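Everything below concerns the one structure shown next.
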2 protein chains.
Amino acid sequence: MNDPKNRSDIPDIIIARLPRYLRVLNLLRESKKTTNSTELGEMLGYSAAQIRKDFSQFGEFGKQGTGYNIDFLIVKLQEILQVNRTWDVVLIGIGNLGKAVLNYRGFEKQGFFIRGAFDDDPAVKGQIIGNRPIQDLSNLESFIKEFDIRIAMIATPASEAQAVADLLVSYGIKAILTYASTILNLPADIHVEYSDPIVSLQHIAYYL
Amino acid sequence: MNDPKNRSDIPDIIIARLPRYLRVLNLLRESKKTTNSTELGEMLGYSAAQIRKDFSQFGEFGKQGTGYNIDFLIVKLQEILQVNRTWDVVLIGIGNLGKAVLNYRGFEKQGFFIRGAFDDDPAVKGQIIGNRPIQDLSNLESFIKEFDIRIAMIATPASEAQAVADLLVSYGIKAILTYASTILNLPADIHVEYSDPIVSLQHIAYYL
DNA sequence: ACGTGTGAATTTCTTCACAGCC
DNA sequence: GGCTGTGAAGAAATTCACACGT
């Protein structure tokens with residue numbers, strides 16, 4: 001048996017698949033108790049071997065002959081990803097998209113709580129959206145520090161995203177999910193994820 | 001010199017990077033005429049060699065000693081991705097997110113025109129959002145066929161996404177961008193992209 | 001018999017390093 | 001001198017295939 005490895009030894013390409021596993025497990029959980037690598041592979045378009053290899057990086061989660069207990073596997077994957085707890089998040093940029101984000105309940109269902117919403121625009125400042133008041137950017141630093149927040153979401157126009165990201169990093173933010181359609185230039189220890197539908201559409205256009 | 005390869009010979013991992021290249025090129029274009037693989041690599045976090053290798057799959061786009069002409073490179077990448085034209089798109093699901101999508105101008109700036117917006121909910125049906133009337137799903141088939149639409153975006157709740165996707169495919173849709181937080185089970189020739197912020201947040205949580 | 005976990009084999013992806021052209 | 005394009009080398013990811021536990 002393999003010892004579970006040091007966190008930093010595990011390639012990101014595997015980490016990136018773990019949330020996908022959680023997605024299908026959450027789907028399967030509604031109708032059954034156990035699953036196996038073949039079933040998971042078919043649902044995700046991966047090979048069964050790959051799924052077993054991925055899990056084996058972290059321990060032995062299955063039983064020969066039986067497969068994986070779904071609830072148990074979910075717990076283990078949540079532990080690995082550190083999502084077996086809640087995280088506080090700040091959101092910068094309250095345009096159409098920011099408002100949709102504030103009104104969406106899905107984040108907190110998965111443990112991500114948008115604690116603060118910020119925008120400079122006088123037209124939205126002070127409004128209450130999805131129960132949260134829109135605050136001025138001048139409150140951002142103290143807010144992040146008071147609640148020890150490490151994750152930020154950026155939903156500003158592309159033109160402001162870099163400046164906002166620089167601010168966030170200077171205030172201690174460690175991970176950013178940005179919806180802005182521009183590449184951010186940040187220190188290497190800051191983890192950035194891009195959610196850019198144009199990139200996705202351009203990708204699928206190739207195959208049409 | 002390498003012959004440009006058959007489309008299907010080129011690995012998807014390279015295709016997936018092309019839209020990223022376009023992103024930084026659009027940024028660079030504002031301030032300069034040419035760039036090179038080192039600069040592009042630094043901005044994207046890739047090695048210079050990888051960028052040259054990627055481009056070399058499709059032809060010779062650079063000049064020794066000079067680098068790449070930005071405008072020319074943009075044109076070539078757009079050709080490859082088939083985004084040197086416009087595409088019509090339908091959007092299903094007009095909740096908070098769907099409305100934000102309809103009001104966002106960024107899609108058409110990149111050539112993706114949301115021609116039709118559909119939802120079953122009587123509360124939104126008939127409304128005009130971002131200049132487009134919200135239509136009943138019963139119009140969907142004829143709409144897709146009349147305008148020969150191949151791309152759909154799904155912004156429904158997760159619980160309805162699979163049923164909507166099945167419908168879309170049966171009407172001839174070939175590519176889907178879904179915001180719904182569930183895995184879709186579709187024929188292999190349908191290209192699906194997921195835009196799921198929870199997956200992204202769970203991914204970065206690992207590194208906190 | 002079923003299905004995991006895993007070394008070994010294979011395939012794919014990335015980097016190296018340099019000839020060649022501007 | 002600067003920088004591309006690219007074979008060859010090297011690294012990484014995936015798949016194979018089977019021993020072993022249930």
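All of these numbers come straight from a predicted model, not from anything done at the bench. Quick note on labels: first sequence line is chain A, next is B, and so on, each numbered from 1.
Regarding R52(A), its CZ atom lies at a distance of 14 Å from the C1' atom of dG21(D), rounded to whole Å. Separating the CD atom of Q57(B) from the C1' atom of dT14(C) is a distance of 12 Å, rounded to the nearest angstrom. Protein atom CG of D12(B) is 14 Å distant from nucleotide atom P of dT12(C), rounded to whole Å. The CD atom of E60(B) sits 11 Å away from the P atom of dC21(C) (whole-angstrom rounding). Between the P atom of dT15(C) and the CD1 atom of I51(B) lies a distance of 10 Å, rounded to the nearest Å. For the pair K63(A) NZ and dG5(C) P, the computed distance is 10 Å after rounding to whole Å. Between N69(B) atom CG and dT4(D) atom P the separation is 13 Å, expressed in whole Å. One interatomic measurement links the two molecules: CG of D54(A) to C1' of dT15(D), which rounds to 12 Å at whole-angstrom precision.
Contact between the side-chain N/O atoms of Q64(B) and the OP1/OP2 oxygens of dG2(D) is not found at any separation under 4.0 Å. In this model, the phosphate group of dA13(D) is not approached by any side-chain N or O of R17(A) to a distance below 4.0 Å at OP1 or OP2. Regarding contacts with the backbone of dT15(D), a side-chain N or O of S47(A) is found under 4.0 angstrom from either OP1 or OP2.
Going from atom OH of Y194(B) over to atom CD1 of I154(B) covers 9.0 Å, rounded to the nearest 0.5 Å.
Residues R150(A) and D88(A) are not paired through a salt bridge, judged by the lack of any N-O separation under 4.0 Å between the basic side chain and the carboxylate.
Between dG3(C), dT4(D), dT15(C), one nucleotide has an atom nearer to the side chain of A49(B) than all others, and that is dT15(C). Considering only side-chain atoms of P11(B), the nucleotide from dT15(C), dC13(C), dA17(D) that sits closest is dC13(C).
Partner D71(B) forms a salt bridge (charged side-chain N to carboxylate O under 4.0 Å, His left out) with one of K32(B), K76(B), R29(B) and no other, that one being R29(B).
With hydrogens and angles left out, the side chain of K53(B) and the base of dG7(D) share a donor-acceptor pair within 3.5 Å.
Contacts of Y68(A) with the nucleic acid, taken as non-hydrogen atoms under 4.0 Å apart, involve only primed sugar atoms and P, OP1 or OP2. Residue contacts for Y46(B): at a heavy-atom cut-off of 4.0 Å it reaches no nucleic acid atom on any strand shown. Contacts of S37(B) with the nucleic acid, taken as non-hydrogen atoms under 4.0 Å apart, involve only primed sugar atoms and P, OP1 or OP2. Nucleic acid contact class of I13(A) (heavy atoms, under 4.0 Å, all strands): sugar-phosphate only.
Nucleotides of DNA chain D nearest to T66(A) and Q50(A) differ in position, and the one nearer the 5' end is that of Q50(A).
R52(B) places no side-chain N or O within donor-acceptor distance of the main-chain N or O of N36(B), the cut-off being under 3.5 Å.
E39(A) and T35(A) share a donor-acceptor pair across their side chains, judged by distance under 3.5 Å alone.
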